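Below is one structure; the comments refer to it alone.
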Amino acid sequence: MKQSLFILLLAFTAFACNSCTRKPFDRIEPTEVEQYSIVYDNGKCGLYDNYADSLITSIKYDVLSYNRSTIEDSLEISIWRCELDSSIGMLAIEHSTNESMEFIFPKTE
């Protein structure tokens, strides 16, 4: 009984540790904003919060680049340029909560 309980506990621990490990990215690119990095996986990219150690957007963009930061009413917001398939737009991230707002429009040639 003790041995099977030990094996069960060992299996549960291995499962828990495996589920906590995050998937490595193909590439990580630091940005001008120390809090964020652009991460790449399978030819797409997304935004990663270095302080929170978490991905804050989906890895879905073709291009993602830093544009500028602004402080409005004590909220620090960074603006990012993004491209997604045949669309282009902006991504705004509020630094303390990582809440995002995305504006995407079709590319005009």
Side-chain angles (χ1 to χ4, degrees):
M1 177 70 175
K2 286 183 181 182
Q3 185 177 14
S4 59
L5 184 59
F6 175 74
I7 292 172
L8 182 62
L9 182 61
L10 187 62
F12 177 73
T13 304
F15 172 77
C17 289
N18 190 35
S19 65
C20 292
T21 60
R22 67 184 145 110
K23 181 180 175 213
F25 303 109
D26 293 341
R27 190 172 98 220
I28 300 172
E29 180 181 302
T31 66
E32 293 177 37
V33 182
E34 185 178 305
Q35 181 173 351
Y36 300 112
S37 293
I38 299 172
V39 293
Y40 295 83
D41 195 25
N42 295 324
K44 298 286 185 174
C45 60
L47 201 57
Y48 189 86
D49 185 334
N50 299 316
Y51 297 162
D53 197 22
S54 65
L55 193 60
I56 59 171
T57 67
S58 299
I59 299 180
K60 65 179 183 178
Y61 301 101
D62 298 315
V63 176
L64 192 57
S65 61
Y66 174 73
N67 188 310
R68 70 181 189 279
S69 289
T70 185
I71 297 177
E72 298 286 332
D73 297 327
S74 74
L75 297 176
E76 187 175 1
I77 299 168
S78 59
I79 309 296
W80 304 79
R81 180 184 172 277
C82 57
E83 291 183 26
L84 176 64
D85 301 323
S86 60
S87 302
I88 191 166
M90 292 184 338
L91 174 66
I93 305 290
E94 197 283 315
H95 287 224
S96 64
T97 63
N98 283 334
E99 288 187 48
S100 63
M101 185 179 294
E102 184 179 75
F103 301 95
I104 301 287
F105 302 98
K107 285 183 183 177
T108 56
E109 304 285 328

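This structure is a prediction, so every number in the text was calculated from the model and none was measured.
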Indicate if Ile71 and Met101 have the same hydrophobic cluster label, given that clusters are the connected sets of ILVMFWY residues with side-chain heavy-atom separations under 4.5 angstrom. no
Of all the heavy-atom pairs spanning Leu47 and Ile38, show the shortest one and how long it is. CD1-CG1, 4.2 Å
What I want to check is whether the side chains of Ser37 and Asn50 have a donor and an acceptor closer together than 3.5 Å. yes
Is the shortest side-chain heavy-atom distance between Met90 and Ile104 below 4.5 Å? no
Within 6.0 Å of CD in Glu29, more than 12 heavy atoms from elsewhere: yes
For Asn98 and Tyr36, run side chain to side chain donor-acceptor pair (under 3.5 Å): C-alpha distance rounded to whole Å, both residues' side-chain angles, the deciding distance at 0.1 Å, then the answer. CA-CA 10 Å; Asn98 283 334; Tyr36 300 112; 2.7 Å; yes
Can you check whether Arg81 reaches Leu64 side chain to side chain, under 4.5 Å on heavy atoms? no
Student check: side-chain heavy atoms of Ser100 and Leu91 closer than 4.5 Å: yes
Does the side chain of Tyr51 reach to within under 4.5 Å of the side chain of Asp53, using non-hydrogen atoms? no
Output yes when Arg68 and Glu32 qualify as a salt bridge under the 4.0 Å nitrogen-oxygen rule, no when they do not. no
Going through the distances and angles, do Cys82 and Val63 end up as a side chain to side chain contact (heavy atoms under 4.5 Å, CB included)? CA-CA 5 Å; Cys82 57; Val63 176; over 6 Å; no
Could you tell me if the side chain of Ser78 sits less than 4.5 Å from the side chain of His95, heavy atoms only? yes
Do Ser69 and Tyr66 have a side chain donor and acceptor closer than 3.5 Å? yes
Verify, without hydrogens or angle tests, whether Glu94 (side chain) and Thr97 (backbone) share a donor-acceptor contact under 3.5 angstrom. yes
Taking C-beta and beyond as the side chain, do Ile28 and Tyr40 meet within less than 4.5 Å on heavy atoms? no
Considering only heavy atoms from C-beta outward, does the side chain of Ile77 approach that of Ile93 to under 4.5 Å? no
Do Tyr48 and Ile56 touch side chain to side chain, with heavy atoms closer than 4.5 Å? no
Nearest atoms (heavy-atom pairs only) where Asp62 meets Leu84: OD2-C, 3.6 Å
Pair Lys60 + Asp85, salt bridge at N-O below 4.0 Å: no
Is there a path of hydrophobic side-chain contacts, each under 4.5 Å between heavy atoms, that joins Phe103 and Trp80? no
